[in-house]
Amino acid sequence: MAQSTDSNSVMSRRLPCDSDGVCMVCKTKPTTVTDSLTCNTCITPWHLPCLPESDRPPTLSDAHNWCCPDCAAPTTVTQPLPPPSSDDPSSHLMASIRAIQDDDSLTDQQKAKKRMDIMLASSNISHNSNNPSSSSSSSVPPAFDIFDGTLNCSICMQLPERPVTTPCGHNFCLKCFQKCFSQGNRKCANCRGAIPPKMVSNPRINSQLAIAIRLAKMARSGCAVPGGVPKVYHFIHNQDRPDTAFTTERAKKTGLANACSGKIFVTVPPDHFGPIPAENDPTRNRGVLVGETWMNRMDCRQWGAHLPHVAGIAGQSAYGAQSVALSGGYVDDEDHGEWFLYTGSGGRDLSGNKRTNKNQSFDQKFENMNEALRVSCLKGYPVRVVRSSKEKRSAYAPDEGVRYDGVYRIEKCWRKVGQQGCKVCRYLFVRCDNEPAPWTSDDHGDKPRALPKIKELKGAVDLTERKAAPSWDYDEEKGCWLWKRPPPESRKSAGTVSPVKGQIRAVKRKVKVASVKEKLLKEFACQICRKVMCNPLTTPCAHNFCKACLEGAFSGQSFIRERASQSGRSLRAQKNIMRCPSCQNDIAEYLQNPQVNRQMMGIIESLQCEAEQLSENSSESSDKNDENQKNESEVLKPCEEDDDDDNYDDNDDGNDDDSSEKVLEEIKDNDLNLPQKRRKVAKGAVVTMEEEHIDEVEQDSVKACN
DNA sequence: GGGCCCGCAGGG
DNA sequence: CCCTGCGGGCCC
């Protein structure tokens with residue numbers, strides 16, 4: 001790699017990750033979420049380990065509001081730059097561009113991409129510096145002028161509207177792109193570079209560029225960005241959340257596939273309609289902003305934008321629907337950004353323990369979630385919309401993760417025969433948010449717009465249109481969307497999201513750990529060592545001991561030897577000594593041929609196994625009370641013993657006294673051996689699942705915890 | 001990339 | 001308590 005020392009000194013200091021997420025300092029991609037830090041101002045990702053200590057946020061909770069060195073105060077920005085040019089931002093820019101040009105490891109395409117990233121970041125910086133505090137801001141020329149034509153659409157030569165960026169680094173309006181490439185053309189109109197077929201069929205909007213253009217426009221028109229910070233497109237890694245999604249002991253698979261939800265950060269009730277305001281965001285105090293993007297549905301859930309982690313519709317049939325997810329699950333969906341056609345849920349065969357199924361096999365009806373959407377349509381409620389990168393057919397879907405795109409109103413709904421031949425419920429969503437959409441360069445939110453003409457309405461049945469005035473509507477005087485009628489009163493706990501079942505279950509599980517351990521000790525403690533028995537022996541007088549402990553009690557006159565000596569004299573001699581350590585009953589005869597209580601051993605083993613799994617899990621979800629667990633596990637750990645129980649016969653033919661039977665019965669009664677239960681699923685298919693055991697004590701504790 | 005699997009969350 | 005569900009991990 002041939003780099004000039006000048007550029008090297010710049011490169012080796014403070015550089016973010018490039019557009020592929022690769023750190024420009026160490027050339028590696030951050031491997032963990034916590035390794036990556038996103039600037040709150042220019043939304044550029046940075047590799048935390050390559051960031052000088054002085055530039056790092058002091059605490060994890062500061063990470064959300066962290067500004068990168070480029071966006072921070074000029075003194076800190078300019079400090080590492082070469083002194084002669086420190087007052088000229090373009091020199092930093094030029095040095096970075098030179099470094100890219102000199103980097104032999106990059107292809108021309110990669111260079112173009114990186115150049116553009118840096119220019120974009122640079123235009124952000126210069127425009128962000130146009131804050132109200134600097135009076136001469138508009139006279140300061142930006143380091144890179146977004147209006148100089150470089151970023152223009154290669155077809156209409158205007159600043160791109162809903163920009164699509166090709167791998168060769170050229171921009172197009174979405175419309176121009178679609179027009180240009182709809183007839184089989186696959187060469188860039190600018191450089192004749194090849195456009196990947198996937199991009200031709202499914203172009204994606206470059207929302208970062210859209211936002212950069214928006215900011216530049218706002219800065220030029222002298223319109224101050226509220227707070228000086230673009231309130232759009234934050235990538236939330238949820239890295240400083242106090243509680244993450246976790247896997248329970250029941251989940252056989254790791255990761256999020258079968259995980260419980262983490263804490264809900266926002267304090268709106270789960271049936272809250274409309275945007276989530278700052279006052280319900282105690283951790284960040286800014287609310288959920290349009291453009292916020294999460295890694296997955298679980299993270300999205302934790303910020304309240306869309307609560308169900310599988311289902312596409314959140315709602316209640318008699319009350320309304322609060323949010324929907326556009327994830328490409330239904331082929332009939334049609335996305336036009338500001339408006340889209342959504343398909344209801346149901347009509348699918350979910351037998352065989354499936355959660356989703358691409359095939360429609362029966363008609364959808366306006367019931368359950370579909371009815372909830374219809375209620376929202378009739379009342380004119382705002383419905384939050386999230387788009388997922390899993391939606392491959394929409395230009396408006398994010399490249400990665402799940403993004404909050406603001407609120408929409410359902411203007412009408414109907415049923416029609418879908419592409420798969422069955423009737424589906426259909427909904428016309430039209431955007432009505434006060435914040436601009438992530439794909440637009442407009443500096444304002446939505447204005448009321450004429451409804452699009454829907455061709456399929458011709459063949460529609462069961463059409464529902466709102467008659468009354470909508471609850472959420474545009475106020476011409478105030479120039480924004482607001483509640484014209486009071487929002488529906490929450491039917492859930494006000495102020496906070498009610499404890500979700502997963503959290504209740506988590507508490508119950510912790511209680512259950514304690515309960516299992518307590519039971520183990522209570523029922524299966526050796527009466528000599530007071531620990532859970534290893535190779536339990538049960539005497540005729542119904543006392544339990546570890547084999548090793550009982551042997552030890554008669555050390556020097558092991559009953560094994562005694563058993564070998566069958567002489568009456570020897571027996572008599574031992575009789576004085578061979579008394580039960582608990583009750584002093586004569587157990588000499590028993591000791592002639594003691595059998596390990598295998599039933600009891602089985603129960604102990606399964607309980608130990610369960611307790612271990614439970615405590616492993618609870619220590620994962622809350623790494624507190626380690627000491628308690630250590631102490632408990634020490635007690636629970638059976639006493640050391642060699643496994644030479646081969647000395648005993650295996651033919652347990654009811655010789656055992658009935659005390660172990662009693663215990664066994666008791667254990668069974670208390671469900672602690674977790675009987676298997678059959679769970680019915682649709683169409684008669686069955687799967688097994690362990691029955692959850694929560695006894696009264698546990699429930700009391702749960703109540704106390706709440 | 002498609003199919004299978006399955007814990008969870010929430011509605012009714 | 002049963003049913004549903006526009007996830008996500010893993011195997012092939």
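Residue numbering restarts at 1 for every chain, and letters A, B, ... go by the order of the sequence lines.
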Would you mind telling me which residue lines up with the more 5' stretch of DNA chain B, A:Gln322 or A:Val310, judged by nearest nucleotide?
A:Val310
Most 5' of A:His309 and A:Ala318 on DNA chain B, judged by nearest nucleotide
A:His309
A:Arg284 to A:Trp303, cation-pi by 6.0 Å centre distance and 45° axis angle:
yes
On the six-membered ring of A:Tyr330, is A:Arg348 placed so that its NZ or CZ lies under 6.0 angstrom from the centre and within 45° of the ring axis?
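Yes - A:Arg348 lies over the ring of A:Tyr330, closer than 6.0 Å to its centre and within 45° of its axis.
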State plainly whether the residues A:Arg387 and A:Asp335 are in salt-bridge range, i.e. N to O under 4.0 Å.
yes
Separation of [X] atom [atom1] from [N] atom [atom2], in whole Å?
X: A:Lys358; N: B:dG2; atom1: NZ; atom2: C1'; answer: 7 Å
X: A:Asn258; N: C:dC10; atom1: CG; atom2: C1'; answer: 11 Å
X: A:Asp299; N: B:dA9; atom1: CG; atom2: P; answer: 14 Å
X: A:Asn359; N: B:dC4; atom1: CG; atom2: P; answer: 11 Å

Is there a side-chain contact between [X] and the phosphate of [N], meaning an N or O under 4.0 Å from OP1 or OP2?
X: A:Thr343; N: C:dC6; result: no
X: A:Lys390; N: B:dG1; result: no
X: A:Ser345; N: C:dG5; result: yes
X: A:Arg348; N: C:dG5; result: no
X: A:Lys198; N: B:dG1; result: yes

If you measure only the distance, is there a donor-acceptor pair under 3.5 Å linking the side chains of [X] and [Y]?
X: A:Gln360; Y: A:Gln419; answer: no
X: A:Arg162; Y: A:Thr440; answer: no
X: A:Glu334; Y: A:His336; answer: yes

Looking at A:Asn353 and B:dC4, is any side-chain donor or acceptor paired with a base atom of the opposite kind under 3.5 Å?
no
Base, sugar-phosphate, or nothing for A:Tyr319, non-hydrogen atoms under 4.0 angstrom?
nothing
Could you say whether A:Val402 or A:Ala311 is positioned toward the 5' end of DNA chain C, judged by the nucleotide with the nearest heavy atom to each?
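Taking each residue's closest nucleotide, the earlier one in sequence belongs to A:Ala311.
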As a test of reading the structure: which of [options] is closest to the side chain of [X], going by heavy atoms?
X: A:Tyr330; options: B:dG11, C:dG8, C:dC6; answer: C:dC6
X: A:Leu256; options: B:dG11, C:dG7, C:dG9; answer: C:dG9
X: A:Cys260; options: B:dA9, C:dC6, B:dG1; answer: B:dA9
X: A:Ser317; options: C:dC6, B:dG12, C:dG9; answer: B:dG12
X: A:Arg297; options: C:dC6, B:dC8, B:dG1; answer: C:dC6
X: A:Ser327; options: B:dC8, B:dA9, C:dC6; answer: C:dC6
X: A:Arg301; options: C:dG8, B:dA9, C:dT4; answer: B:dA9

